[in-house]
Engineer: 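Mind looking over this structure? Questions follow.
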Amino acid sequence: MRHDEADSVDRSLRILIVDDQAIVREGLAAVVSAHGMTVVGEAGDGESAVAMFRTLRPDVAIVDLRMRPMDGAEVTRAIREEDRAARVVVLTTYDTDEEIFLALQAGAASYLLKSVDSDRLVETIRGVHAGRKMIAPEIASRLADHVASAALTPRQQEVLEALAEGKSNQETADALYISEGTVKAHVKAILAKLGARDRTQAIMIGVRRGLLRRVPE
Amino acid sequence: MAADRPVPERLLVVDDNVDAADSLALVLALGGADVRVAYNGPDALRVFDDEVISVAFIDLGMPGMHGVEVARQLRARDVSGLVTLVALTGSGEPEDIAEALQAGFDHHVLKPAGVDELLAAMRRSR
């Protein structure tokens, strides 16, 4: 692509910036504007962000992860529910595996740390707009490790589903034709893999991660 | 901002408010700087001992080691005499600013600071 063509493409890119810190919104706006993109909206909280997305339909939304009361993963999920093709870049200082996992699962196309420089930011926006997932190799590698270590075995999945149905250990054992002791061992392994402190939290995490199809009644 | 990018240099942001510190660091990094962050005074001193810092932005109202004390100690360790210290003040009271300048700060910026104000404080040091 010739340089003038790239400029023309960038000029048509419409960006929504979502961050609760005014200075970050200002800094991001300066960078994307300097690269010929158009900032169509700036939101300081999650609810405003979703409303702005609905009205403005930006090409790419840059969303801070840590906001209250609606965090960046929730904003991402809400935006993607508005439009399954919405492109979201999540931006954060925090890089715990769980946060990366939740942001990407919510539908973010990229996860950038706040140590990002302007060239990388612009490259990411362009790539995401082109429909690519832009995940840094080091994050992709950690994500793969996280998924592998946290994946439930088919039997553990069955036990988790039984927990979500409200079955006791004995009822689960009877349903799966295994001993109650084996069920307890599976429950212990499930709690460890999901990082849950008890059954209730395991079910909540299971729902959030899509391991369980719906919130149990 | 990006079009007016400063020469890459190493900056230090010191603030106990993690979100504020990280946000300021992001903006400075987007401007082309190499940025370090410390969330308290003792950590700031450690970073300063290990790295060559050209400008430090220091929040005054930190618990534990106050920003003024951080500035005094950084100034005492700055054997080259080249570091620029910028105080981030919440009140803007004349006596606070006077105390900051007396402690060794070169400039002060009222929080919440805008990008232009911060870059201007950096440029005034050159």
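Because the structure is a prediction, the values reported are computed rather than measured. A note on names: the letters A, B, ... follow the listed sequences, proteins ahead of strands, and every chain is numbered from 1.
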Engineer: With a 6.0 Å cut-off (strictly less than), is the heavy-atom count around CD of B:Gln102, excluding the residue itself, greater than 12?
Structural biologist: no

Engineer: Measuring from atom CG of A:Asp64 to atom CG of B:Asp19, what distance do you get when rounded to the nearest 0.5 angstrom?
Structural biologist: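 If I round to the nearest 0.5 Å, the distance is 6.5 Å.
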
Engineer: With a 4.5 angstrom heavy-atom cut-off, which part of B:Leu118 approaches chain A: side chain, backbone, both or neither?
Structural biologist: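 Just its side chain gets close to chain A.
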
Engineer: With sequence neighbours excluded, what pairs up with B:Arg75 under the salt bridge (charged side-chain N to carboxylate O under 4.0 Å, His left out) test?
Structural biologist: B:Asp78, B:Asp106

Engineer: Would the number of heavy atoms belonging to other residues, nucleotides or ligands and lying under 6.0 Å from CD of A:Glu47 be above 12?
Structural biologist: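 12 or below, so no.
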
Engineer: Once you round to the nearest 0.5 Å, how far does CG of B:Leu26 lie from CD1 of A:Ile23?
Structural biologist: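 Reported value, rounded in 0.5 Å steps: 9.0 Å.
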
Engineer: Taking atom CZ of A:Arg120 as the centre, report whether more than 12 heavy atoms of other residues, nucleotides or ligands fall under 6.0 Å from it.
Structural biologist: no

Engineer: Step through the shown structure and confirm whether more than 12 heavy atoms of other residues, nucleotides or ligands are within 6.0 Å of CE on A:Met70.
Structural biologist: yes

Engineer: Spell out, as yes or no, whether a donor-acceptor pair under 3.5 Å connects the side chain of A:Gln21 to the backbone of B:Ser23.
Structural biologist: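 No; zero donor-acceptor contacts below 3.5 Å.
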
Engineer: To check you understand the geometry: which heavy-atom pair defines the closest contact between B:Leu30 and A:Leu121, and what is its length?
Structural biologist: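 Taking B:Leu30 first and A:Leu121 second, the nearest heavy atoms are CD2-CD2, 4.0 Å.
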
